[in-house]
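Below is one structure, written out as structure tokens, with a few remarks after it.
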Amino acid sequence: MSEKPRILILDDEKNYLLVLEALLSDAGYAVTSINDPEMALSYLEEAEVDVVITDMKMPKISGMEVLQQIKRSSPGIPVLIMTAFGSIESAVEVMKYGAFDYITKPFANDELLLSVHNAVELSKAHQQYRILQESLEERYNTHQIIGKSPAMRETLSIVDRVSASRSTVLITGESGTGKELVARAIHFSSPRKDEPFVAVNCMAFNAGVLESELFGHEKGSFTGAVAMRRGRFEQADRGTLFLDEIGELPPDLQVKLLRVLQERVFERVGGTEPVKVDIRIVAATNKDLAKMVEEGTFREDLYYRLNVVQIHIPPLRERREDIPLLVSHFIAQVASENGIPPKSFTQEAQNYLSGYEWPGNIRQLQNVIERCMVMIPRDVIDVDDLPPEIRDEESQFKSAVDLLPVELNLADTLDKIEAALIRRALVRADFVQAHAADLLGISRSLMQYKLKKYNISGH
């Protein structure tokens with residue numbers, strides 16, 4: 001936006017144009033005056049304008065037609081309608097079609113200036129929202145999701161394919177893998193990207209509060225409900241609703257959610273009037289919903305309604321080749337956010353980061369990088385600067401064991417642990433197999449056998 005807000009005045013009476021131009025110019029606005037509505041509409045296609053003031057009755061094109069055209073092509077520009085033939089009916093009509101204000105000629109200067117000031121503030125808000133929206137689109141499109149591993153390439157391929165559809169999506173994966181980031185990428189790559197993205201964590205509220213949070217409530221529906229409140233479903237109308245930790249949804253709310261998925265209709269808490277919404281549902285969980293269905297703690301019909309398209313996000317330990325990319329990304333991010341110069345990690349420190357099991361996944365990695373960037377005074381971060389759990393072999397082993405399920409097949413589990421150790425040794429040895437064998441204390445021929453046994457790429 002330029003230093004002076006830009007006002008376009010459209011009136012077939014030149015005297016009014018002169019008066020308005022002088023008044024608004026003196027008030028600090030950049031004013032353009034046009035007395036031909038067709039010329040004004042052409043001007044709007046080329047020029048940047050913050051507010052339009054138009055007369056209602058003009059030859060060829062009326063002020064109402066100008067308003068409708070602007071609302072179709074540039075809905076963020078506030079339009080003030082002026083007329084010498086004021087009536088309540090005509091005021092209601094133009095406001096219904098989206099006019100910002102309705103001013104009767106002759107007008108009071110203070111009244112007009114106040115209306116123009118408010119319109120300019122609204123225009124600023126629209127522009128800031130558009131900039132924010134563009135920033136969010138850039139931040140959350142699929143190209144901003146870091147990863148080149150085969151597992152992540154497959155995940156991003158599914159995201160690209162599903163974004164254009166209306167299908168319900170279920171995102172699965174451990175905590176900290178970036179499920180909400182993927183949900184946002186789906187939204188901002190979809191035709192709904194200009195509409196709301198509303199997120200709610202189903203684990204953050206108790207059952208009673210969660211119902212009101214999701215579906216809203218009517219005034220007086222419970223103690224403390226002093227006014228009607230729209231829930232997250234209504235807030236997300238025409239956009240995307242992201243239900244995180246969907247496995248925590250209580251049974252009675254599972255029934256209500258199922259109805260919304262089937263009919264896109266619900267009632268607010270304490271209400272009887274149906275509320276219809278047009279929303280896309282994206283849900284996420286770190287639980288095994290299929291197992292919960294078998295145990296009877298999650299509705300089977302709801303599971304199949306949610307699981308139209310499933311996107312599984314692999315844990316960080318299964319895509320170690322992405323760790324250096326993520327480290328570089330977080331270094332740049334922390335440096336930018338804190339106004340500090342970027343730092344680097346030694347190759348040995350990088351190897352330790354790549355070899356760690358990361359039970360907290362990307363979120364844990366991000367926290368470690370931020371801690372090192374902020375707390376280590378040197379420009380280069382070495383192994384000794386890393387948190388104990390990353391550089392201590394015993395802690396690393398314990399973190400790996402803690403990730404294992406309680407019920408397991410010992411032989412299969414030992415094979416998985418051995419394969420994980422071999423992969424980590426390869427990473428730390430920069431994929432030099434002889435060096436990796438030395439780190440593991442095994443012969444090179446045994447190393448070759450293990451690589452073949454576990455189908456591990458040696459480079």
Test of understanding: with side-chain hydrogen bond (donor to acceptor under 3.5 Å, both in side chains), list the residues that count as partners of [X], not counting sequence neighbours.
X	result
Ser221	none
Ser25	none
Thr54	none

Could you state the interatomic distance from [atom1] ([X]) to [atom2] ([Y]), rounded to the nearest 0.5 Å?
X	Y	atom1	atom2	answer
Ile281	Leu243	CD1	CG	5.0 Å
Ile369	Leu386	CD1	CG	8.0 Å
Leu306	Leu249	CG	CG	9.0 Å
Leu18	Asn35	CG	CG	10.0 Å
Asp278	Arg192	CG	CZ	4.5 Å
Leu181	Ile362	CG	CD1	8.0 Å

Subject >> Selection residues 242-252 - residue pairs positive for salt bridge (charged side-chain N to carboxylate O under 4.0 Å, His left out), sequence neighbours left out >> reply: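 Listed by first then second residue: Glu248-Lys287.
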**OP:** Scan for salt bridge (charged side-chain N to carboxylate O under 4.0 Å, His left out) pairs involving residues 262-273, sequence neighbours excluded, and state none if there are none.
**Re:** Glu218-Arg268, Glu234-Arg268, Arg259-Glu263, Arg259-Glu267
For [X], enumerate each residue passing the ring pair (Phe, Tyr, Trp, His ring centres under 6.0 Å) test, keeping only those at least two apart in sequence or located in another chain.
X	answer
Phe266	Phe215, Phe233
Phe205	none
Phe242	none

[X] (side chain) donor-acceptor with [Y] (main chain) under 3.5 angstrom:
X	Y	result
Ser123	Ala119	no
Lys179	Ala283	no
Arg317	Trp358	no
Glu65	Ser62	yes
His187	Glu195	yes
Asn361	Leu316	yes
Ser212	Val209	no

If you look at every heavy atom in [X] and [Y], which pair is closest and at what distance?
X	Y	answer
Gly247	Leu289	CA-CD2, 3.9 Å
Arg280	Ser190	NH1-CB, 4.3 Å
Cys372	Asp385	SG-O, 4.1 Å
Ile323	Leu353	CD1-O, 3.7 Å
Thr177	Arg319	O-NH2, 4.4 Å
Val308	Thr168	CB-O, 3.3 Å

[Y] versus [X], side-chain donor and acceptor atoms under 3.5 Å:
X	Y	value
Thr240	Arg184	no
Arg363	Gln366	no
Ser175	Asn286	yes

Minimum side-chain heavy-atom gap [X]-[Y] below 4.5 Å:
X	Y	answer
Gln69	Ile61	no
Pro150	Arg153	yes
Glu337	Met373	no
Phe107	Ser115	no
Pro359	Gln364	yes
Val255	Arg299	yes
Leu241	Val277	no
Val66	Met58	yes

Subject >> Pair Asp322-Ile146, side chain to side chain contact (heavy atoms under 4.5 Å, CB included): steps then yes or no >> reply: CA-CA 7 Å; Asp322 293 336; Ile146 310 297; 5.8 Å; no
Original post:
Going by an N to O cut-off under 4.0 Å, is there a salt bridge joining Lys291 and Glu294?
Top reply: no
Original post:
Taking 4.0 angstrom as the limit, do Glu321 and Lys148 come out as a salt bridge?
Top reply: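 No, no charged N to carboxylate O under 4.0 Å.
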Subject >> Stepwise side chain to side chain contact (heavy atoms under 4.5 Å, CB included) check, Asp36 with Lys60 >> reply: CA-CA 9 Å; Asp36 181 340; Lys60 301 185 200 174; 3.9 Å; yes
Quick one: which residue pairs count as a ring pair (Phe, Tyr, Trp, His ring centres under 6.0 Å) with a foot in [range], not counting sequence neighbours?
range	answer
residues 15-36	none
residues 363-382	none
residues 268-327	none

Original post:
For Tyr43 and Val49, what are the C-alpha separation, side-chain angles and deciding distance, and is it a side chain to side chain contact (heavy atoms under 4.5 Å, CB included)?
Top reply: CA-CA 9 Å; Tyr43 176 82; Val49 173; 3.8 Å; yes
**OP:** In sequence, state the C-alpha distance, the side-chain angles, and the governing distance for Met82 and Asp11, and then conclude on side chain to side chain contact (heavy atoms under 4.5 Å, CB included).
**Re:** CA-CA 9 Å; Met82 300 183 63; Asp11 199 318; 5.6 Å; no
Original post:
Considering residues at least two apart in sequence or located in another chain, which fulfil the side chain to side chain contact (heavy atoms under 4.5 Å, CB included) criterion with Leu113?
Top reply: Leu23, Leu24, Ala27
